Structures are given as structure tokens and as C-alpha cells.
Amino acid sequence: MFEDDLVEWLSLASHDIQLKLDNLLRPLNLNSRLYFYIQKIAVQPGIKQDDLGKLVKLNQSTITRAVQQLVQKGFLEKKVDDQDKRTSHLFVTELGEQVLPQINKIINDMNIELVAKVSPEFQGDFVKLIRDFAKNIEAK
């Protein structure tokens, strides 16, 4: 038995990170649940919406709602596949490209802040531990 409740601490940390990101991304008309779609699609222009779901490991209804919001806000463009009308390809718009450097800076600054209290010699190990932890949870 653990003296501390790890689930509680991780939940609290996640909640606080999400609130802070929401505040930092608000001036860009984004939030913590939307920004990463722009990042992922910018790296893979034309990605199929179905493949985006596999990439970010979220269900299709969540992906559909997020993409719809980002299209309405002008950050993404959705193009129907010429061969298969049921398939959509996603692209970052000019507005999306304009905010991408700001998004990346916010995320980079947040990452730096998250490891700031960890000794520099252990920061790499800390990040690896968090990544391994997430992969372990994901595999279950």
C-alpha cells in the first residue's frame, strides 16, 4: 500500500496543467483540448481524420468534435477525398500556421516549468519515467 495516493496526485497535476494551458492558450482562441491537433496535422498535412484518431489515441466522436471546432475557428481545413467521399483529409490553414509558433512556445515554456524543480542531471530520467508511465497505462 502506498502512503500517498498516486492516482490523486496525478489527477491533481493533470487538472492544474490543463487549467494553466487553458489560460495561456485562451488569447489564441484555443484550449488544452484543441491545440495539439494543430501541431499533429501541421507535421502530417493531409492526414486522414481516421488516422488522426489512431495517432492521438482518442475515439472518433471526440476527434470529429475537435476537428469541427477547429474548422469553425479557422485553424483547420477539411477536404473530402476524391476517391472515397467518406474520407476526409485535414490541413492546417494560414491562421493555424500563424498561431503554431505561439502554441509551440507555450508548450515548450510549460515543459520547462514542469521540470524546473527537478535537478538538471535527472530531468532526462524524469521525462523518460513520465513517458514510460504513460505508455504503461496506455497498454492496459
Side-chain angles (χ1 to χ4, degrees):
M1 179 108 181
F2 289 103
E3 185 176 317
D4 281 330
D5 183 347
L6 295 176
V7 173
E8 178 183 358
W9 283 112
L10 289 169
S11 178
L12 290 170
S14 175
H15 179 71
D16 288 346
I17 291 167
Q18 189 173 15
L19 286 176
K20 183 157 188 168
L21 278 177
D22 284 342
N23 287 330
L24 293 170
L25 293 166
R26 188 172 292 119
L28 302 178
N29 197 23
L30 291 168
N31 62 42
S32 60
R33 291 170 305 285
L34 294 177
Y35 80 90
F36 66 93
Y37 292 98
I38 298 170
Q39 288 180 315
K40 299 296 184 194
I41 295 166
V43 173
Q44 296 186 43
I47 188 170
K48 293 178 186 177
Q49 189 166 326
D50 290 345
D51 292 339
L52 179 63
K54 294 171 193 162
L55 181 68
V56 298
K57 297 177 177 57
L58 294 170
N59 65 50
Q60 277 309 129
S61 62
T62 300
I63 301 293
T64 299
R65 280 191 305 275
V67 166
Q68 185 176 4
Q69 286 179 25
L70 289 166
V71 167
Q72 288 173 347
K73 291 174 182 263
F75 294 109
L76 296 182
E77 181 179 10
K78 190 174 177 179
K79 293 183 180 177
V80 176
D81 189 284
D82 291 336
Q83 307 331 225
D84 182 358
K85 302 295 183 201
R86 299 168 297 170
T87 301
S88 295
H89 296 272
L90 303 171
F91 299 89
V92 175
T93 63
E94 187 176 321
L95 176 61
E97 291 289 345
Q98 288 174 2
V99 299
L100 194 55
Q102 296 167 72
I103 292 170
N104 291 336
K105 181 176 181 352
I106 288 168
I107 299 306
N108 187 58
D109 290 350
M110 185 70 143
N111 285 329
I112 290 168
E113 183 181 332
L114 288 171
V115 297
K117 301 233 179 198
V118 177
S119 314
E121 64 267 18
F122 295 116
Q123 287 180 359
D125 291 337
F126 176 74
V127 172
K128 183 183 181 317
L129 181 65
I130 297 295
R131 187 181 316 115
D132 290 348
F133 180 79
K135 286 180 182 178
N136 183 45
I137 295 296
E138 165 188 307
K140 302 292 181 209

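As the structure is a prediction and not an experimental result, all values here were calculated from the model.
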ILVMFWY network linking [X] to [Y], side-chain heavy atoms under 4.5 angstrom:
{"X": "V99", "Y": "F91", "result": "no"}
{"X": "I38", "Y": "F36", "result": "yes"}
{"X": "L10", "Y": "M110", "result": "no"}
{"X": "L129", "Y": "V115", "result": "no"}

Check [X] against [Y] and note the closest heavy-atom contact, atom names and distance.
{"X": "N23", "Y": "P27", "value": "O-CD, 3.5 Å"}
{"X": "G53", "Y": "Q60", "value": "CA-OE1, 3.8 Å"}
{"X": "L21", "Y": "S32", "value": "CB-CB, 3.8 Å"}
{"X": "D84", "Y": "D81", "value": "N-OD1, 3.0 Å"}
{"X": "H89", "Y": "G46", "value": "ND1-O, 2.7 Å"}
{"X": "L52", "Y": "I41", "value": "CD2-CD1, 3.9 Å"}

Around atom CD of E8, are there more than 12 heavy atoms of other residues, nucleotides or ligands at under 6.0 Å?
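Yes, CD of E8 has more than 12 neighbouring heavy atoms, counting only those of other groups under 6.0 Å.
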Any side-chain heavy-atom pair from [X] and [Y] closer than 4.5 angstrom?
{"X": "L58", "Y": "Y37", "answer": "yes"}
{"X": "L30", "Y": "I103", "answer": "yes"}
{"X": "Q68", "Y": "V71", "answer": "no"}
{"X": "L25", "Y": "N31", "answer": "no"}
{"X": "I130", "Y": "L114", "answer": "no"}
{"X": "K73", "Y": "L34", "answer": "yes"}

Less than 4.0 Å between a side-chain N and a carboxylate O, is that true for [Y] and [X]?
{"X": "K128", "Y": "D125", "result": "no"}
{"X": "K105", "Y": "D109", "result": "yes"}
{"X": "D16", "Y": "K20", "result": "no"}

What is the distance from atom [atom1] of [X] to atom [atom2] of [Y], rounded to the nearest 0.5 Å?
{"X": "I63", "Y": "S88", "atom1": "CD1", "atom2": "OG", "answer": "13.0 Å"}
{"X": "L55", "Y": "I47", "atom1": "CG", "atom2": "CD1", "answer": "5.0 Å"}
{"X": "N59", "Y": "R65", "atom1": "CG", "atom2": "CZ", "answer": "7.0 Å"}
{"X": "F75", "Y": "E94", "atom1": "CZ", "atom2": "CD", "answer": "13.0 Å"}
{"X": "T64", "Y": "K78", "atom1": "OG1", "atom2": "NZ", "answer": "6.0 Å"}
{"X": "W9", "Y": "L6", "atom1": "CH2", "atom2": "CG", "answer": "10.5 Å"}

Counting distance only, does the side-chain N/O of [X] pair as donor-acceptor with the main-chain N or O of [Y] below 3.5 Å?
{"X": "Q39", "Y": "N104", "value": "no"}
{"X": "T93", "Y": "G74", "value": "yes"}
{"X": "N111", "Y": "I107", "value": "yes"}

Worked verdict on V80 versus T87 for side chain to side chain contact (heavy atoms under 4.5 Å, CB included):
CA-CA 6 Å; V80 176; T87 301; over 6 Å; no
